[in-house]
Amino acid sequence: MLSQPTAADPVAFRAAQPGAEAWVSALCSHPTWSPVQNALKGIAEKMIHSLFLINCSGDIFLEKHWKSVVSQSVCDYFFEAQEKAIDVENVPPVISTPHHYLISIYRDKIFFVSVIQTEVPPLFVIEFLHRVADTFQDYFGECSETAIKDNVVIVYELLEEMLDNGFPLATESNILKELIKPPTILRSVVNSITGSSNVGDTLPTGQLSNIPWRRAGVKYTNNEAYFDVIEEIDAIIDKSGSTVFAEIQGVIDSCIKLSGMPDLSLSFMNPRLLDDVSFHPCIRFKRWESERVLSFIPPDGNFRLISYRVSSQNLVAIPVYVKHLISFKENSSSGRFDVTIGPKQNMGKTVEGVVMTVHMPKAVLNMNLTATQGSYTFDPVTKVLAWDVGKITPQKLPNLKGIVNLQSGAPKPEENPSLNIQFKIQQLAISGLKVNRLDMYGEKYKPFKGVKYITKAGKFQVRT
Amino acid sequence: MAASPAYGEEKGGSSSLGEPEYGHDPASGGIFASDYKRHDDLKEMLDSNKDSLKLEAMKRIVAMIARGKNASDLFPAVVKNVACKNIEVKKLVYVYLVRYAEEQQDLALLSISTFQRGLKDPNQLIRASALRVLSSIRVPIIVPIMMLAIKEAASDMSPYVRKTAAHAIPKLYSLDSDQKDQLIEVIEKLLADKTTLVAGSVVMAFEEVCPERIDLIHKNYRKLCNLLIDVEEWGQVVIINMLTRYARTQFLSPNQNESLLEESAEKAFYGSEEEDTKDAKAEAASLAKRKPYVMDPDHRLLLRNTKPLLQSRNAAVVMAVAQLYFHLAPKAEVGVIAKALVRLLRSHSEVQYVVLQNVATMSIKRRGMFEPYLKSFYIRSTDPTQIKILKLEVLTNLANETNISTILREFQTYIRSMDKDFVAATIQAIGRCATNIGKVRDTCLNGLVQLLSNRDELVVAESVVVIKKLLQMQPAQHSEIIKHMAKLTDNIQVPMARASILWLIGEYCEHVPKIAPDVLRKMAKSFTNEEDIVKLQVINLAAKLYLTNSKQSKLLTQYVLNLAKYDQNYDIRDRARFIRQLIVPTEKSGALNKYAKKLFLAQKPAPILESSFKDRDHFQLGSLSHLLNAKAVGYQELPDWPDEAPDPSVRNVEVPEWTKCTSREKRKDKVEKPFYSDSEGESGPTESADSEPESDSEESGSSSSSGTSSSSSEEEDEEEEEGGSEEQSEDKEGEEEEEEKRKKKKEKGGPRKASPRSVGSEEEEEAEGKKVKKAAGPQGKKGHAESSSEEASASESSSSGSDSGTEAPTVVEAKRRKVIPSSKAGPKEISLLDLDDFTPPPPQPVPSSSIISTSLVTDLEGLTLTDTSLAPALLSPAFGAVRTYELLHRMAGEGLSVEYCFSRRPFPGDPHMVAVQIQISNNTDAEVKSLRVSEPKLLAGMRIQEFPEIESLAPGDTASVVMGIDFCDSTQAANFQLCTHTRHFYVSIQPPVGELMAPVFMSENEFRKEQEHLARRGEGKLTGMSEITEKLTLPEKCRSDHAIVQQVTSAANVGRVPCGADNEYRFAAKTVTSGSLVLITLEWREGAAAQLTVNSEKMVIGTMLVKDIIQALAQ
């Protein structure tokens, strides 16, 4: 699947300024295209060499090089692969070019394309790029092209701190925030008046301690700790309504605003539900192993404490059911579509935020439907039907029904489309996980503590 | 505000380079329109005295760089500001310098003195950043300065500066590789650094500069292993990858004995069975003779210390550990990585992509590992195609006889997908399943044949191709399908498919002698309307038929050839002419004619359908090279295991003074052991060959007081790794030893034991053989030890009898009556009777609980159908309140409800299993047939002994059965399916920790000795490893002896140990699987305060037990 352009590849020539390239490549394994050809000396250059940020229309709107400069033209290979893939999701994350490897991620409509010259674990790079995107998100509230362009200097400073010579240096948001303050309107006003700067001039204390994730000297007037237990149900429901596969994936996202150095321990009523857990580095692994208690000195601010999976062998209560009747008539240009969604095993809670999306077959021209509740849209270009249902009330089940218009003459679609369902249930963790208590040691004050539960549909698919 | 305009203005500035697209930016152009030539405005700003102006200018310059615009002409103006006081200006200047210094080397030298000054700054941040920039400036002239700076920084006080020095090493190396030797010295020095901050960076430098100098790692190996968990994530990845390579050069393959076996086993699975199994047997026999493999403790250390990292949030770390386990761990242990890898599948799609590639490779070698997670690889219509295809690959690799039907059902849904590439891949996958699993070959073929009528050309073509391949394997058996396909020629219009069918008929015309000429006849009729590829195959068919059946097809062939002769396509004309010459004998045709048959009807080898991921594992997993399936630049080969292990002592480190002091006492009576506390326990296995009997005896819980014994706390691990051949020899030794003991014992314990044995009814005989021996083993030893301490314990226990004495006799009476018939309880019951001969009986049996239990028993009695011995057994001594758990709720089970409880009796047939009594009631109004357990999904090492199938269960009826589960001393759930004739239910049994043990009986002295022994052993490790103490308050109703004992025994299956002191309660048990001792002491102080201490080698069990007991007492 990976494209491996050969030297004869037209793109290779476009990229490589033919004359110079030919003899250089004969001499050394990895020429650079910078004006100064010192690549001959570099024997082992590892990890991330350069980073390009590319938007959906193919503009390279930011580049950063940690070693010598790599020409933008290397991205041509990426564009070529992108064209071949048709869909953005299908661009292979790793592309091999004659002299470089491109490892890319796609986040929030931006491609982060990194240039690698030698062997490196691909996940290392992918994980790092996602961390970069997370940091942007954290700093600017969104990881969009505009946000990055508006804050290009901070972005550059961040990238400079996050990677040294292509090797990750500081990726913890608490440390970065001590080094480079996130932009706020207030701060930029103050800075312009006082002439102070966004860049910290002391070493982030966290960097040195054995708790590098927490910045020092945190002070709040209201000390608060919030935990959101968010569970997602991944499921595949087959035609007859029985569950092919279901499992619960959960995370605990925390927002901790506590002064000083609090040492927290969070315990569950039923920790054994957690089948597989991955931890934020702050969590003491041994305590968990032995006592099933999450004991940690938290980072300051928002972070993901754990993510977990509830074993797929446990029966998963599926909170909704879908009755569906989708049929396309042979030799006729229409079909029927009738879908009803109803609640099931919802433990007395309301199922809300219900949205159904369906990728209809290509032959579908248009859909003429009536919804008893909510509104639907059908995009005739992408063939996506979206039905925003809202809340489900058991008294009157939402139903969407009507006629499907097919392209005349086209063969009847082979397959009925799968229904993707989203929903939300507040105040409920579907696995039954319950936080027992949160204790704080090391500080005197009494914090305000809060736990919120929510269940959502993850990858919830109904085959029809 | 500060940043946002900068970006816009940069556009104005950069327009001077003659890039009109930015020139008309009105906002910025307006301000600097007066003189934006050659960045004069920026230069002016940089020259000004105001920091704010400088900052503004620098921000705009950086924005230009970010855009990829050339700002090199500003170099002189910028470099002047390198000494600026404002830290943000300074930082931006650094950014600029690093970017352009290479191009302006002379000017760059101007800045060097500033950095040199910075290197001496008292602030470590400034020192570090000076070094960072200095080393990033790629100017060859300053190499000596850099070298000096790095050397100095490597001995800096601040670990942060040392870390920066480590980062600088590869930079200098890439600038001037002649410095290698000096740099290696620095690396060597930094490798010895003890801070976690430095470790990751220096290993990274090592990997880049001198990955071949594996010798530098020796002395630091153990330190790196131990530090690993505290190193930052990125460093962990680098270290783990490096250690994988290291281990491959230093240790022996843990699977060396199995590798041969495994290969042949696999062969046997696919190929012709008999021959291979014979080979395998021969090999197994030869293996048994071979020296047993003993894992190097350092190897074990690495595996143990990396395992927790599987729970890292960082996918790269998880993958690194996974590949380490895959490449280094004994086969039995590799399974642990599956769960973590499956977890990663929830991550971003790029992560999924990489992980699936690796899983695909792993699943070929170690299919069993991912089998429990089969469903996690099911495909959703919303997955990107590249993910779908990888998942398909994994599913195909995982397919075997048992799960193939599920997989094929799943494939059936995929075939109807709208994503045609994916459908094509699915058809190929079906083909592969069909070739690998003979059982389903026909099903697959039929399915594929049906697909031939699919409307989609791609699907048909793909199916025909796959069918063709399948038929080539055994054409003789499938003439039916060939006939069927021949019929299809009437309907199928897809040229590719028609062509493939014709080829098939031609190739196997001998199997369908009647149909083939008829097909040719039809094709001859429609010849002129066919597509070119079809015409070519018609000619082929004609030729083949002419050769085999010239009588019927001679005329037809000539007709076809004549038609072809005048075809528009020259390929077809050529082919016709060529074939005519070849098959129709004429004077000119010459020698070739004779061989025509051989040419056309030669045996064509069947294509092999195998995974494209086969043998990819010669690349280190998780690497770029593995992903690309091609060697990437700079890839370090993963070396093969050595045949002989290199000297392990190279990793020994001088013992620092301070540790000697703390552990001196221990050392006196211990054999010299490596320094690292963690590895201490591990040194057991190294000496194991001779010390086996000793440790064995200890495991089985004897009161061996040696204390110096080498048995480690890692018994669990040890057992796993020893496996196979060694177990056999061990067993023999064990048996011999037991034999001896029994002889000894006969003098003392023998006569006493005779009586219970004889009472011990039929069941005793059922549970014969090994079990009896094992039961006798520890018991015999006990008798030995006890008699020696008889006096002491007798006197003590008489005093301790005060609190329990009142109830004791009656209890014993009652108990004996109940216990004796239930004599399935091997060790328990025998030692019990032993005890009451010379010590007052332990009062733990808790008669009070009979209120609960009897009622329950009567309940159960009514329900019991099968096992007559059930009822009395339920009253067995250690039986407190039985708690039943729900296995399957009536609703979920569609009327079938299942409950289970832990009967606390030894499971007949296997003493390592926990007996689980299962009660099934049929609340439906129909008969439930053939109830059974199937498809257990267990963690490595766990075993399950299913209950015999229940033929039928009438409506309203209840059945009770017993099954055994070996939980491997873990509280992990055992998952399996409960099947009826119609449905399958997924259920799981998770044992409370208290059920993982069986009571042992010991005297107070023995108890103390064991406790001390455990505590002593714990000291060598982290304190608290084998002792957990917790304070608690006893609630009102729990303040009587009786209540306490009852609660404790209800929480855990333990036996009470007599105790001299008032207000102290002792209990002892052994874990069922490994037989490690669990000792419980409860000290009741004034009022409600109490202290609970649990001693056990199994720390996890200990801590969980403490919690459970406290919970029980608090109720």
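So that the names make sense, note that chain A is the first sequence line, chain B the second, and so on, each numbered from 1. Source: prediction; values computed, not measured.
For A/Ala235, the part lying under 4.5 angstrom from a heavy atom of chain B is the backbone only. When heavy atoms are compared at a cutoff of 4.5 Å, A/Arg304 does not approach chain B at all. Of the two parts of B/Val354, only the side chain, counted from C-beta on, holds a non-hydrogen atom closer than 4.5 Å to a non-hydrogen atom of chain A. Both the backbone and the side chain of A/Phe128 have a heavy atom closer than 4.5 Å to some heavy atom of chain B. Residue B/Thr413 touches chain A through both its backbone and its side chain, counting heavy-atom pairs closer than 4.5 Å. In this structure, chain A has a heavy atom under 4.5 Å from the side chain of B/Asn241, while its backbone stays farther away. Using a 4.5 Å cut-off between heavy atoms, A/Gln461 touches chain B through its side chain atoms alone. Neither the backbone nor the side chain of B/Val317 comes within contact range of chain A; no heavy atoms are under 4.5 Å apart. At a 4.5 Å heavy-atom cutoff, the contact between B/Thr382 and chain A is made by backbone and side-chain atoms alike. Interface remark: A/Gln72 contributes side-chain atoms only to the contact with chain B (heavy atom separation under 4.5 Å). Looking at A/Phe285, only its side chain comes within 4.5 Å of chain B, counting heavy atoms on both sides.
In terms of heavy-atom pairs under 4.5 angstrom with chain B, the leader among A/Ser307, A/Ser290, A/Ala85, A/Pro361 is A/Ser290. For the set A/Asn90, A/Ile126, A/Leu53, the entry with the most heavy-atom pairs within less than 4.5 Å of chain B is A/Asn90. The candidate from B/Arg346, B/Met418, B/Gln323 with the greatest count of non-hydrogen atom pairs under 4.5 Å with chain A is B/Arg346. When the candidates B/Glu410, B/His626, B/Glu232 are compared by the number of heavy-atom contacts under 4.5 Å with chain A, B/Glu410 comes out ahead. Contact count versus chain B (heavy atoms, under 4.5 Å) is highest, among A/Val91, A/Ile103, A/Asp234, A/Ile236, for A/Asp234. Considering only heavy-atom pairs separated by less than 4.5 Å from chain A, the leading option among B/Arg409, B/Arg380, B/Met319, B/Lys375 is B/Arg380. Of all the listed residues (B/Gly68, B/Pro308, B/Gly622, B/Ser129), the one sharing the greatest number of non-hydrogen pairs under 4.5 Å with chain A is B/Pro308.
In this structure, A/Ser104 and B/Glu350 approach most closely via the heavy-atom pair O-CG, 3.6 Å.
Judged purely by distance below 3.5 Å, without hydrogens or angles, the side chains of B/Gln977 and B/Tyr986 pair a donor atom with an acceptor atom. Checked by atom type, the side-chain pair A/Asp238/A/Ser242 shows a donor-acceptor distance below 3.5 Å.
Between B/His348 and B/Tyr353, a ring centre-to-centre spacing not shorter than 6.0 Å is recorded.
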